Amino acid sequence: MIALEYHAATKHHFHRFARSLGYLDWATQPDPFRRYAGAPLRELPRAALASDVPYAALFDGTAAPHPIGLASIGELLRCSMGLSAWKQYGTSRWALRVNPSSGNLHPTEAYVVWDGRVCHYAPREHALEERCVLDEAAAFETGFLVGLTSIPWREAWKYGERAFRYCLHDTGHAIGALRLAAAMLGWRLALLPQWSDAQVTALLGVDRGDDDADAEREEPECLAVVTAGELGPWLDLDPTPLVAAAGRAAWQGRANRLSPERVEWPIIDEAANATRWPGSATSRHVGATSHPVGATSPHVGATSRHVGATSHQVGASSHRVGARELILQRRSALAFDPRGVLRGDVFHAMLRRLQPNAPPWDAIDWPPHVHLAMFVHRVEGLAPGVYAYLRDRAVVDEWKAAMRPDFLWEQVGANEGLFLLVPIDCRRAANRVSCDQDIAEDGFFSLGMLARFAPVLRDRGEWWYRRVFWECGLIGQVLYLEAEAAGGRATGIGCFYDDPMHDILGLSGHDWQSLYHFSMGVPVEDTRLMTEPGYSWEATKIAKTG
Ligand SMILES: Cc1cc2nc3c(=O)[nH]c(=O)nc-3n(C[C@H](O)[C@H](O)[C@H](O)COP(=O)(O)O)c2cc1C
């Protein structure tokens, strides 16, 4: 199976990293912005639409629905795929985005199909590039489509063969960012599984032969519907007429070339080909018709930072931070203060957000396949140690049988899915296994996301490989926002030693694989960096309002 071979070949080992150039070739650094020269540019309205929506509303479906139009679609994109800041150090200047990305390389491109048009989102300009007009738009009265693609070269430039994994994580983060921004606008968002990757490619116009001959390839990832109404008709929508309309359309614009030269990594193309979704005419979004109602209690502003030896509590006042503000302030921490402690109730509430009964989990149509192995360092009320958090309690016997026989499996308090495996100071182990990164040691906790792996790939098909990574990205996206809501900060960790992580847990074979690591704590800011807002017009607004 090519997906399994790709996965095995791109593991990091203590004695050998996955294959890459081994250095950064600055002369070929990819342009982070894809543009379609010659395509008409439609600027998106700039006004904030949902500033008063509380953070909890992202998960409980209570935000009032906005009418679908250019302004609200602009707000959706601004709060999911837009720019969050510009950073500068010396003469280097780079943009950060609302969605995180491994190495800030941003392989994910977003497309919108609405109003009879297929458009590419240009985040730097906050504008839509109109690629074509479709003569088949009948279904578009109650919603619109969002498509995602990956440009593997962007990640491969730095990470070589492991890059395809990062494209998939980033897609998962982007799905999560879009789903939660849609919730802020009172909308639902769900992937459309009946569309094959070939149909997504045709609709988004990312394989247009001679038009884009020079441009780096874009890999189809997924297509989703966004609607304030019923999902059912969208899930039943037959792709054929739209694909045919895209085939008839006159396409505008030429994709830009991102690097003057590139290094080929054939294993990435093989893995991408092998894991494409062939589509299913009969596939329905299981459970997606039930309205998302959050079972979790809001804990915005329940900030829980005890910083310093005196357990001085910082920011514990229950101020209510809006969803929009939190979404736009999300950042990755570069380092954590090793004295930060997370309040226990906030920790448990965070884990509950990973239960599949609320957004963003209604964006996908499968139950949890990814669970957490946690290295808990500093969470109030919890002994430091290795823990398991099962998003589906039914997995417990399987994990018990697969892991070290001397693990305790002590359920923690009333949290059904949380188990203490070993009470131990695991800071060094956490650091070592996450490619010797201090962020895995210095925060409240770090973790590995363990996915049910080879048996499901064999059962369902290689296309499933992408989906378990997307699920990991979704978990990461929720935890990034939860960290901000708690007054802390998080960082995704794509660099980890795969099999040493499995060894810590006593796992052998390929039934379970750790696909993504993650960390959270009290951030230490890098004061050498200059920060500017993501968009100049937002700077003016800030200046005017003081
Ligand atoms: C899939 C993924 C893997 C990442 N891996 C690491 C990592 O191993 N180490 C690290 O310090 N940061 C890691 N990051 C954080 C990125 O470097 C960060 O998202 C990026 O620089 C953009 O910054 P921002 O998140 O503040 O917008 C990762 C992020 C993602 C989404």
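The shown structure was predicted, so the numbers you read here are calculated from the model rather than taken from an experiment. We count ligands from 1, going down the list as the structure has it; atoms in each ligand are counted the same way. Position 1 is the first residue of the sequence; numbering continues from there.
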Heavy-atom contacts with R97 under 4.0 Å: which atoms of ligand 1 show up? List them by number with element. 27 (O)

Distance-only polar pair, side chains of H173 and D170, donor-acceptor under 3.5 Å: no

What atoms of ligand 1 come within less than 4.0 Å of a heavy atom belonging to R330? 24 (P), 25 (O), 27 (O)

Ion pair present between R324 and E75, side-chain N to carboxylate O less than 4.0 angstrom? yes

Within the 4.0 Å heavy-atom shell around Q437, which atoms of ligand 1 are there? 7 (C), 8 (O), 9 (N), 10 (C), 11 (O)

Do E218 and Y111 get their side chains close enough for a donor-acceptor pair, meaning under 3.5 Å? yes

Ligand 1 atoms in contact with G494 (distance to a heavy atom under 4.0 Å): 3 (C), 4 (C), 5 (N), 6 (C), 7 (C), 8 (O)

Check contact between F496 and ligand 1, using heavy atoms of the residue and a distance below 4.0 angstrom. no

Using a 4.0 Å cutoff against the non-hydrogen atoms of Y516, which atoms of ligand 1 qualify? 1 (C), 2 (C), 3 (C), 30 (C), 31 (C)

Structural part of D170 in contact with ligand 1, heavy atom criterion under 4.0 angstrom: side chain

Applying salt bridge (charged side-chain N to carboxylate O under 4.0 Å, His left out) to E5 and not counting sequence neighbours gives none

Of all the atoms in ligand 1, which lie at a distance below 4.0 Å from a heavy atom belonging to C495? 8 (O)

H517 to ligand 1, any heavy atom closer than 4.0 Å: no

Does ligand 1 have a heavy atom under 4.0 Å from the side chain of I493, from its backbone, from both, or from neither? both

